[in-house]
Every structure is written in C-alpha cells, then in structure tokens.
Amino acid sequence: MQKNLVIVESPAKAKTIEKFLGKDYKVLSSYGHIRDLKRKEFSIDIAKNFTPDYEIPEDKKELVEKLKAEAKKADVVWLASDEDREGEAIAWHLFEVLKLKPEQTKRIVFHEITKTAILKAIENPREIDINLVNAQQARRILDRIVGFELSPVLWKKVKPALSAGRVQSVAVRLIVEREREIQAFNTEASYRVTAVFLVPEEDGKTVEMKAELARRLKTKEEAKAFLESCKNASFTIEDIVKRPVKKSPAAPFTTSTLQQEAARKLGYTVAQTMMLAQKLYEAGLITYMRTDSVNLSEYATEGSKQAIIGMMGERYVYSRHFTTKTKGAQEAHEAIRPTYMENASVDASAQEKRLYDLIWKRTIASQMADAELEKTTATIGISTNDDTFTATGEVITFDGFLRIYKESYDDDNEQEDESRLLPPLKKGQVLDYTDIVATERFTQRPSRYTEASLVRKLEELGIGRPSTYAPTISTIQQREYVEKGDKPGEERSFNKLTLKDKAISDETHTEVVGAEKSKLLPTDIGTVVNDFLNEYFSKILDYNFTADIEKKFDEVADGDQQWTTIMKNFYKGFHPSVETTLATKTEHKVGERILGEEPKTGKVVSVKIGRFGPVVQIGSTDSEDKPRFARLEKGYSMETITLEEALGLFKLPRTVGEYEGKPVTIGSGRFGPYIRHNDTFNSLPKGVDPMEVSLEECIEIINNKREAEAKRHIKQFAEEPELEILNGRYGPYIAYKGSNYKIPKDVVPQDLNLKTCLDIVKLQSEKAATPKKPRASKKK
DNA sequence: CAGTGAGCGAGCTTCCGCTTGACTT
C-alpha cells in the first residue's frame, strides 16, 4: 500500500527526488502537460464564455491511466509541478483528470532539488492557485484563437498550409524588417586617422606606439589638409591619465544566454545546444536547461566558492547574487549550472563535454572577483593645429574571473584589441612619427540575425519562452518564411592617404565587406505573409503585443481581473478584423507584382505566390488560352526580378538532341534543373548552366547515373528475391520486405550469404520490435 | 522526396508551452 504519490513534470527530476523521500513516497512524472485543447479543432466555445474543450492526447492516455491507478492507491497526492503559470495549470489538470479529492491533494513547490528544499516543501503545502491557472488558460486560449483564426486567412489569401501566431509571426517580422533596413542603409564615409609614434626607452631602443586622432574627418580634402598640416608639426605628450577599471562577470546561464554563447564559442545551433543540454541533464550533470532564471542556489554558490578556493585561492572568491531583468520571466527553476561544482569535467561525448565546460566556467566565473585593469590614455598635441591624438593601453592588474571565462559578443571581430600596454611616457615628451595614415572608413549596416541573436531579441521583447525558442526557429524555417544561408560580401574600394617621410601618397585599396554566413534570410513567402499580416493585423504583429497582454495575464494571476473579461475584450477587437479581411476582395493576389508584357504576345507577365511557392505567370486566367507558369529559381526574388529575367525562366524545358532514339530535354523542377531522357530524371550538377549544357555532356551525366544505379545492386539471391544488398547514401545495407537493415562494419558485403543476411535481418528486427504504441503523427 | 499549378470536387493544412521519446536505413 502506497502512502504518498508525488507528481513532478520531468522524469529525471522524479528519479532524484524519489531518493530523497524514502520508502513512503512514490514519485512519478507527468511529462509536461497531460491535457490540452484538441489538436485539430478550434476547441473553444466563444459563445459560452470561451469554454475550452480539453482532451488527453493519444500519446498521454497510457500515462494518465497509470497515474490514475497510482493516485487511487495513495493516501495523499502531492502535486509538485513547477511554480509558474504552466506548472500550476499542470497541477490543476492533474487534479481534474485524476479526479482527486481536495482532502487527499496537496500542492507543493520547490526551487532546487536538494533534500532540505524538498522536505521543507512537504512541510508547507498549499492549495492550487486557480487565478494562476486561469492566467494560463487565458494564454493558451488566446494563442489558439490567434493561430487558428489567422492561419486559415493565409491559406485562403496566400498559400495553403501556412501558419501565423503570436510568436512566430513576430519572429518573421524581425527578420523581414532587418532585411529592409539593410536594403535601405546608406553608408557614410569618413576618414579615420592613425599615427605611429616612436618612443625612446631607457636602454636607448625605441618602440612604436599607435595613436588615433580624436575625431574623424569628413572628406578627402579635409584629410589631406590635415596630413599636410602634420608634415612639419611637432608632437608633444600633453597629458597622461591612468585610471583603474573593473570588469564584472556575466550572470550564470539561462536558456537564451546558453544558446547565444554556445553558438558564438562552440558554433552550435540552438537546437543542438538544447539536445546536448538535455543529455547532460538526464545524466544528472547539470540542472534543468529550460529556464529564464539567473538565480543560483546556496548549495551552488557554496560549491563554487569551495572550488574557487581550491583552485585559485581565497582572493578569487566573490559571492554574487544575480537578479533577472528579462521581461515576463517566471523563474520556476535555477540558472543552468553543473549539479556538482567540484566536477570540473565530466564523462560524456566530446560535444557534451564542451558544453559542460562552458556551463561550468560561466557558473564558476559568476562567483569570482572582478577583474581589475589599469587603463592609460595619453593625449598627444599637434603644434600646427588644435587636434589631438590619443593612445590607449590597458593592463590587467588582477585577472579575477577572466582567469576562467570571458563572455563573447557577436561583433567580436570588429573590436579593436585594447589589451596592449603603452610604453613608459612622460608629460611634455616630444615624439617623432614614422607615418600618419588617413583611411576611408564606412558606417556599418546592421547585420542579419543568427539563430542565437534572434533568440536574444525575442527574449528582450518578452516573446516566447525557454522551451519554445528552438522550436520557433525551426517552425519559421519549415514554413519557408525564413531560410538559413550565406550572403557573399561586396567588393568596395576605399581611399588611403599616407604621410611618410614628409610626403603624402594617395592609394586606392579594395576590401570585401558584409559577407555573412549562416544567417536567417527572409524568403519571398515570408516577406509577402509578413506584409499582409502587418497590413491587416498590425496589433498582433506589434512588438509590444505580447508584453501588453502579459500584463493582463498578470492581473488575472493576481485575482484582479476575470480571465474571460480579458478574452472578451481581445476577441471584440480581433475577430472582426479576421471577418473583414476574409470578406475583402482584392483585384490582385496578395504580394502579386506586374512586371510588364511579353513582347511577342503582349500578355501580362507577373510574379506571385502560387500553390508551390513563387512563380512567374504569363497571361491571365480570364483569357482564352491557359496561362503559362515558371518557378522562380534560386537567386531570384519577387521584389527584385526584372521582366527580362522572368522571361528567361521560360526558356526551359528545351530539347538538346536525341540519345538512343529518345529526345533529351532540360527541365527545371522543384529540386533544380534536370535532364529528362526516356522517362528518367537526372539532376544537373551544380555549376552546369542549363542553358548552355551540350548533348555530349548530358549523355555523360545519363551514363554516369546508370552506372551508379548498377552499382547500387551489390548482390541478390535466387532463393529469396525479396532480399537485396544495396549501396545507399550511408553505405551498403540490406533491403528486405520494405525495410532496410544495417550491415555490421567488419563485414564485406560481397561476401555475405543468404543465411547471414537473414540473421542480420532477424537480429535487427527483434531489436527494433520494442512493442511501443505507433506514432500518432503520420507522414505523407 | 519527385519534377506539379485557374478552379467539377473532398479534405487537409494551423497556435504556444510543458515534457521526452523513437528514429537515424
């Protein structure tokens, strides 16, 4: 007979807690929410005060049955989900679904998973906070209304299977607007002047010292005049200022900052980071990885302190308590930190190790002393004018936390290295120069978002939660609103004036600027959808929408406001805009652009979003003959394509000749240009121009493919024609009755006989045949 | 993967936030 049942959200947490609580407690996990609005239906009865229609999803039914059975057996059920809006709702759904009785149910919360914290929580149970639950219901229902009313508008007006939502649509807006800012950006040039002075040292040698003119010069004439004035000038040190500077460590990791630093320092995508962190968490090596809190438990600060003293001594310790500044943070967990601070490294995969190392260092550094630096600024006067040069140097007098960890920034490569030391200088000292250079510099356009910098921006706006940053980024890419890609830089020439040996030289140099790798770029579809939503649903796309509505959810949580009132007010404004948008008949399709006329026929040439993406169309539907279509190939965008380029897309398919009595044609399909011959399709390799490719080249490609196809079949057995050894993308494998089986590495596939093949099949199908319920999601 | 698309027609697509699986031929 079980006395106590404790339910938490995560199974890893359950395992740990069970150890602390002993025999009288059974600890199970709910695996997050156990009930939600129906997946495929609207599930909200607007007329009945927004009554939600909840259901237990298919893949949760077995679990819920188990929880029900265990709850029945227990005297007391402790609902120990997280202490935030979602956690409270999970507790409430459990209470409802498991049909718990109030007198047998206790709601408890704890912020750290230690024995004392949990025992303390058990001593201080409370009841479910229905206001907090209602705030969650309001959040959930509002998101469903927005998503399920807006998306169908897009299906009708733009393209089927698109989506819109409170979070994803704003994420897309950020990316589209950044792209527009970049297009509209005007660079301004100015001249930056640097000088190299010679400073004599005590031993008679001289060292070079770099200095920069305190202001920038606007024009080439101005720069030239300035250098001219320096020709016969003398340079004197007018002032030397030394001042101490302190640097403090960054706060411990939250989900968002971990994603950013792992991207900058380790090159991980946000999804990768989360996957590795999950592994570390499940292995008990780090605390929970989805958090917006920078708080460390006392256990962690104490552990850090001991580790720092042990490694570096007392002087390096400085206990700090960080507080969250993030909008809408709910702080149900600790910051992300190592479970045990004494573990400087762990036994895990190479990638996991690197992530752990980052987390360990960041945590330790957050509990370390400030770094102390001495910054020296020398001002150098010019005898012939009022301008001054400044030389700066920096020395670290005490490394403090920098000994362990230095935070990275997105524009690190742009930053000048100031960590150099100035040579010994005296006030009044006169210096010679070796050269003075005026270089033309340009203002920089904003840079495109990376996955991680988009996460940072979303968090700053209070949009999205730690558990959704990675999924949101994947959604907007799946919908093809955004794609990750590179932008080549542009060549730009700049002017450089050098004063050396009392002569001024004038040179033009070139540089490549603005090259970007793995950035988020808006697609045509993303741009069209964004502009459409922004025009008709500007309120939802407003960067402050989430923050404003969150304030109202907080009022609900505090009991100052009915959740249904919030919904009524929102719906009153929102729903009519959906109705009118649907009713609005427009002459042109959303995003359509007329390019001109086809010279031969005079038919209208336009670009628009078709059923399968952006297309060029010649002719209209109301004319007698059907319009012709061509996909927009990569490299073209609806906003910039010209009439000539658009017409060029209709040059395919073209016939290049005949081979084996059958025509060879070049076409352009969903996956790029291809050669069609005798009902076979052969992709054209990259770099081959589909307009220029010759018949001979095509024949070679066709034959190569045939050869590869022939090599695909390694072996087959007369006794069992259904079994084949094939060569695939991942090497040789066995294909048998519609399934594929891996061939062990130490086996030469040619040497396999039928029996060993069947053994492999048998072995692997047994392994795979863990009798789990079939996956709910079906693939098309 | 599959190389399509103005209308005969049915039915489908979609949100955000909480969790971890089952897949890697």
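Just so we're on the same page: letters track the sequence lines, and every chain starts at 1.
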query = For the residue pair A:Y281 and A:Y288, does the interplanar ring angle fall in the parallel (under 30°), tilted (30 to 60°) or perpendicular (over 60°) class?
reply = perpendicular
note = Which of B:dG5, B:dG3, B:dT14 is nearest the side chain of A:P152? It is B:dT14
Distances for protein N or O near nucleotides 15-19 of chain B N or O, under 3.5 Å:
residue, atom, partner, partner atom, Å
B:dC15, OP1, A:S163, OG, 3.2
B:dC15, OP1, A:Q168, NE2, 2.8
B:dC15, OP1, A:R479, NH2, 3.3
B:dC15, O2, A:R140, NH1, 3.1
B:dC15, O2, A:R144, NE, 3.2
B:dC15, N3, A:R140, NH2, 3.1
B:dC15, N3, A:R144, NE, 3.1
B:dC15, N3, A:R144, NH2, 3.0
B:dC15, N4, A:R144, NH2, 3.1
B:dC16, OP1, A:V167, N, 2.9
B:dC16, OP1, A:Q168, N, 2.9
B:dC16, OP2, A:Q168, NE2, 3.3
B:dC16, O4', A:D143, OD2, 3.2
B:dC16, O3', A:R166, NH2, 2.9
B:dC16, O2, A:R139, NH1, 2.9
B:dG17, OP1, A:R166, NH2, 2.9
B:dG17, OP2, A:T468, OG1, 2.9
B:dG17, O4', A:R139, NH2, 3.3
B:dC18, OP2, A:S467, OG, 2.8
B:dC18, O3', A:E9, OE1, 3.2
B:dC18, O2, A:H33, N, 2.6
B:dT19, OP1, A:Y288, OH, 2.6
B:dT19, OP2, A:Y288, OH, 2.6
B:dT19, OP2, A:R290, NE, 3.0
B:dT19, O5', A:Y288, OH, 3.4
B:dT19, O4', A:G32, N, 3.4

ask   = Whole-Å distance between B:dA6 P and A:R628 CZ?
value = 17 Å
key: Rounded interatomic separation in angstrom, taking CE from A:M274 and P from B:dT20   = 10 Å
key: Residue pair A:P52 / A:L37: nearest heavy atoms and the distance that separates them   = CB-CD2, 3.7 Å
Helical stems, DNA chain B - three or more consecutive Watson-Crick or G-U wobble pairs below 3.5 Å = none
query = How long is the line joining CD1 of A:I476 and P of B:dT14, in whole Å?
reply = 16 Å
query = Which word best sums up how the rings of A:Y571 and A:F50 line up, parallel for under 30°, tilted for 30 to 60°, or perpendicular for over 60°?
reply = perpendicular
Separation of atom NZ in A:K589 from atom C1' in B:dG5, rounded to whole Å = 11 Å
task = State plainly whether the residues A:D143 and A:R139 are in salt-bridge range, i.e. N to O under 4.0 Å.
result = yes
query = Does B:dA2 have A:F681 stacked on its base, where the ring centres are within less than 5.5 Å and the planes differ by under 30°?
reply = no
key: Position toward the 5' end of DNA chain B (nearest nucleotide), A:F612 or A:L162   = A:F612
query = With a non-hydrogen cut-off below 4.0 angstrom, is A:G610 in contact with a base, only sugar-phosphate, or nothing?
reply = base
request  = For the residue pair A:Y536 and A:F532, categorise the inter-ring angle as parallel (less than 30°), tilted (30 to 60°) or perpendicular (more than 60°).
outcome  = tilted
inquiry  = Distance check needed: B:dT4 P versus A:K626 NZ, whole Å only.
reply    = 13 Å
ask   = What is the minimum heavy-atom distance between A:G147 and A:S151, and which atoms define it?
value = O-OG, 2.7 Å
inquiry  = Testing A:V172, A:T581, A:V153, A:L154 one by one against A:L533 for a side-chain contact (heavy atoms from CB on, under 4.5 Å), which residue passes?
reply    = A:L154
request  = Figure out the OH/C1' separation between A:Y481 and B:dT14, and round it to whole Å.
outcome  = 9 Å
task = May I ask you to check whether A:H33 and A:E86 show a side-chain donor-acceptor distance below 3.5 Å?
result = yes
message = To the nearest 0.5 Å, what is the distance between OG1 on A:T523 and CG on A:L632?
response = 11.5 Å
task = Provide, to the nearest angstrom, the distance between the NE2 atom belonging to A:H677 and the C1' atom belonging to B:dG3.
result = 17 Å
task = Tell me what A:K608 touches on the nucleic acid: a base, only sugar-phosphate, or nothing, going by heavy atoms under 4.0 Å.
result = base
key: Distance, P atom - from B:dT24 to B:dC1, rounded to whole angstrom   = 16 Å
request  = Tell me what A:R85 touches on the nucleic acid: a base, only sugar-phosphate, or nothing, going by heavy atoms under 4.0 Å.
outcome  = nothing
